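What follows is a short report on a single structure.
In each ligand, atom 1 is the first atom listed, and ligand 1 is the first ligand listed. Values in this document were obtained by computation on a predicted structure and should not be read as measured data.
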Amino acid sequence: MEKLRIGIMGAGQESVHSHFPNCLKNSDIAEIVAVCDVNIENARRAAAQFQVPAFYAGHTEMLEKEKPDLVTICVPNKFHEQLTVDALRAGCHVLCEKPPALTADQARHMEEEAKKAGKILTYNLHYRYAPEVQAVKQMIQAGEFGTLYTGRVQAVRRRGIPGWGNFTNKDMQGGGSLIDIGVHMLDTALYLLDYPRPLYAAANSSDRIGRRGGVGLMGSWDPGKFTVEDGLFGYIQFEGGISLQVETAFALNCKEKQRMNVEIYGDQAGASVFDGEIYAEKNGRLVDMRLPFVQEVDRRNISISSYIRCCAGGKEPLITARQGVILMSIVEALYRSAAEGRVVEI
Ligand SMILES: NC(=O)c1ccc[n+]([C@@H]2O[C@H](COP(=O)([O-])OP(=O)(O)OC[C@H]3O[C@@H](n4cnc5c(N)ncnc54)[C@H](O)[C@@H]3O)[C@@H](O)[C@H]2O)c1
């Protein structure tokens with residue numbers, strides 16, 4: 001079998017840290033044939049570092065000349081839709097970074113184009129591959145949690161406003177803590193709940209700390225250019241009597257430096273997922289269970305590698321384009337609710 005030809009779009013931080021090395025780990029079935037970046041110097045540097053034979057400034061030129069089978073997209077959120085659609089129309093499978101897009105409509109468009117092209121579209125929501133998440137998912141599937149009906153999503157930092165990149169720029173990223181780090185935990189909770197149908201959302205957001213400035217634990221940022229929320233706190237109601245509380249913050253006067261976690265509760269058991277703790281009732285007693293010796297895994301590698309293998313085998317990926325639409329419809333509703341100060345139907 002010929003190797004899959006991979007083109008990488010975007011050669012910034014995450015791409016160099018994750019996309020290149022993780023694609024290269026699949027050299028038995030795939031090869032990186034080209035990279036493109038509007039900043040040609042970034043493309044040139046990455047090509048030299050990872051011994052990629054071709055580099056381009058424009059993604060359409062790369063698609064036309066190199067005819068990749070698969071592209072990975074790692075550019076600011078604003079460009080996810082355009083690059084994904086262009087790549088799908090050029091006949092490529094696409095792994096796009098999270099969040100899927102800026103809006104649900106964009107994610108829907110991306111899903112439709114993938115269907116039309118008959119290609120596999122996925123998003124790099126790699127927290128699903130954490131061993132704690134997979135263990136809890138297996139227990140849920142085995143019926144050990146009973147009926148799930150509520151949970152809590154936390155992606156909260158004390159002072160973790162990124163001091164680099166576009167993360168505080170609403171035009172480029174679409175928002176702050178919710179769309180950047182919140183989507184990872186929200187997706188994890190939705191995955192554990194089997195992606196129930198959302199009905200409505202309510203939220204409150206703040207940009208007080210971001211716009212005022214102050215201590216930074218992830219570099220320093222310019223309060224004058226801070227246009228996103230530094231925190232969003234909300235509630236989502238789903239079909240079937242399921243609800244989720246959402247807490248996301250780049251900056252919050254809370255105890256911990258950072259907390260990324262999902263709590264999930266059923267009538268037979270509950271879990272604090274990333275703590276690896278399960279709470280249940282057995283034989284007339286309340287019991288706590290722990291997942292000891294959980295081995296750290298490289299979630300990014302598992303996510304990218306399993307996607308490449310799905311493309312090679314024509315299989316559906318764990319993270320689907322449909323789920324990307326639902327995720328973005330919730331994100332959009334939370335933002336709209338916070339902006340308009342009312343409950344928003346989804
Ligand atoms: N999965 C994760 O955990 C994770 C972690 C960090 C970032 N990300 C995502 O990765 C994406 C990129 O983030 P980053 O931190 O690497 O940003 P970055 O600013 O470091 O890099 C972005 C790169 O994209 C290039 N670029 C911009 N527009 C382009 C276009 N139209 N075509 C080609 N290249 C273009 C820029 O020149 C830059 O080199 C974002 O969507 C972000 O949310 C995901």
Can you name the nearest heavy-atom pair linking [X] to [Y], along with the distance?
{"X": "Trp221", "Y": "Gly213", "result": "CZ2-CA, 3.7 Å"}
{"X": "Tyr123", "Y": "Gly324", "result": "CE1-CA, 3.8 Å"}
{"X": "Ile308", "Y": "Ala30", "result": "CG2-CB, 4.0 Å"}
{"X": "Tyr129", "Y": "Val297", "result": "O-CG2, 4.0 Å"}
{"X": "Glu66", "Y": "Ala34", "result": "CG-CB, 3.6 Å"}

Next on the checklist: Under 4.0 Å, counting heavy atoms only: does Cys74 come that close to any atom of ligand 1?
Outcome noted: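 Yes; Cys74 lies near enough to ligand 1 that a heavy-atom distance drops under 4.0 Å.
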Checklist entry - Are there more than 12 heavy atoms of other residues, nucleotides or ligands under 6.0 Å from atom CD of Glu340? => result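 Yes, the 6.0 Å shell around CD holds more than 12 heavy atoms from other groups.
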Checklist entry - Under 6.0 Å from the NZ atom of Lys257, do we count more than 12 heavy atoms belonging to anything else shown? => result no
Backbone or side-chain N or O of [X] under 3.5 Å from ligand 1 N or O:
{"X": "Asn77", "value": "yes"}
{"X": "His184", "value": "yes"}
{"X": "His80", "value": "yes"}
{"X": "Val75", "value": "yes"}

Numbered atoms of ligand 1 (with element) below 4.0 Å of [X], judged on heavy atoms:
{"X": "Asn166", "result": "19 (O)"}
{"X": "Arg300", "result": "2 (C), 3 (O), 5 (C)"}
{"X": "Phe167", "result": "15 (O)"}
{"X": "Val38", "result": "26 (N), 27 (C), 28 (N), 29 (C), 30 (C), 31 (N), 32 (N), 33 (C), 34 (N), 35 (C), 37 (O)"}
{"X": "Asn39", "result": "37 (O)"}

Checklist entry - Which one of Arg157, Lys98, Lys170 satisfies the salt bridge (charged side-chain N to carboxylate O under 4.0 Å, His left out) criterion with Asp180? => result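 Among Arg157, Lys98, Lys170, the one meeting salt bridge (charged side-chain N to carboxylate O under 4.0 Å, His left out) with Asp180 is Lys98.
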Checklist entry - So do Ile304 and Leu95 actually touch side chain to side chain, heavy atoms under 4.5 Å? => result yes
Among all the protein's non-hydrogen atoms, which is closest to [atom], and how far away is it?
{"atom": "atom 1 (N) of ligand 1", "result": "Glu97 OE1, 2.9 Å"}
{"atom": "atom 21 (O) of ligand 1", "result": "Gly12 CA, 3.3 Å"}
{"atom": "atom 27 (C) of ligand 1", "result": "Pro76 CD, 3.4 Å"}
{"atom": "atom 38 (C) of ligand 1", "result": "Asp37 OD2, 3.5 Å"}
{"atom": "atom 20 (O) of ligand 1", "result": "Gln13 N, 2.9 Å"}
{"atom": "atom 3 (O) of ligand 1", "result": "His126 NE2, 2.8 Å"}
{"atom": "atom 42 (C) of ligand 1", "result": "Lys98 O, 3.8 Å"}

Item to check | Joint cluster assignment, Val183 & Met172, ILVMFWY side-chain distance < 4.5 Å | outcome: yes
Next on the checklist: Over 60° means perpendicular and under 30° means parallel, so tell me whether Tyr127 and Phe274 are parallel, tilted or perpendicular.
Outcome noted: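 Taking Phe274 first and then Tyr127, their aromatic rings stand perpendicular (interplane angle over 60°).
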Item to check | Distance under 6.0 Å and angle within 45° of ring axis: Lys65 vs Tyr56 | outcome: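 No, cation not above the ring by the 6.0 Å, 45° rule.
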Checklist entry - Counting only heavy atoms, which portion of Leu83 has something under 4.0 Å from ligand 1: side chain, backbone, both, or neither? => result side chain
Next on the checklist: Could you work out, for atom 5 (C) of ligand 1, the closest of Met9, Gln82, Glu14 by heavy-atom distance?
Outcome noted: Glu14
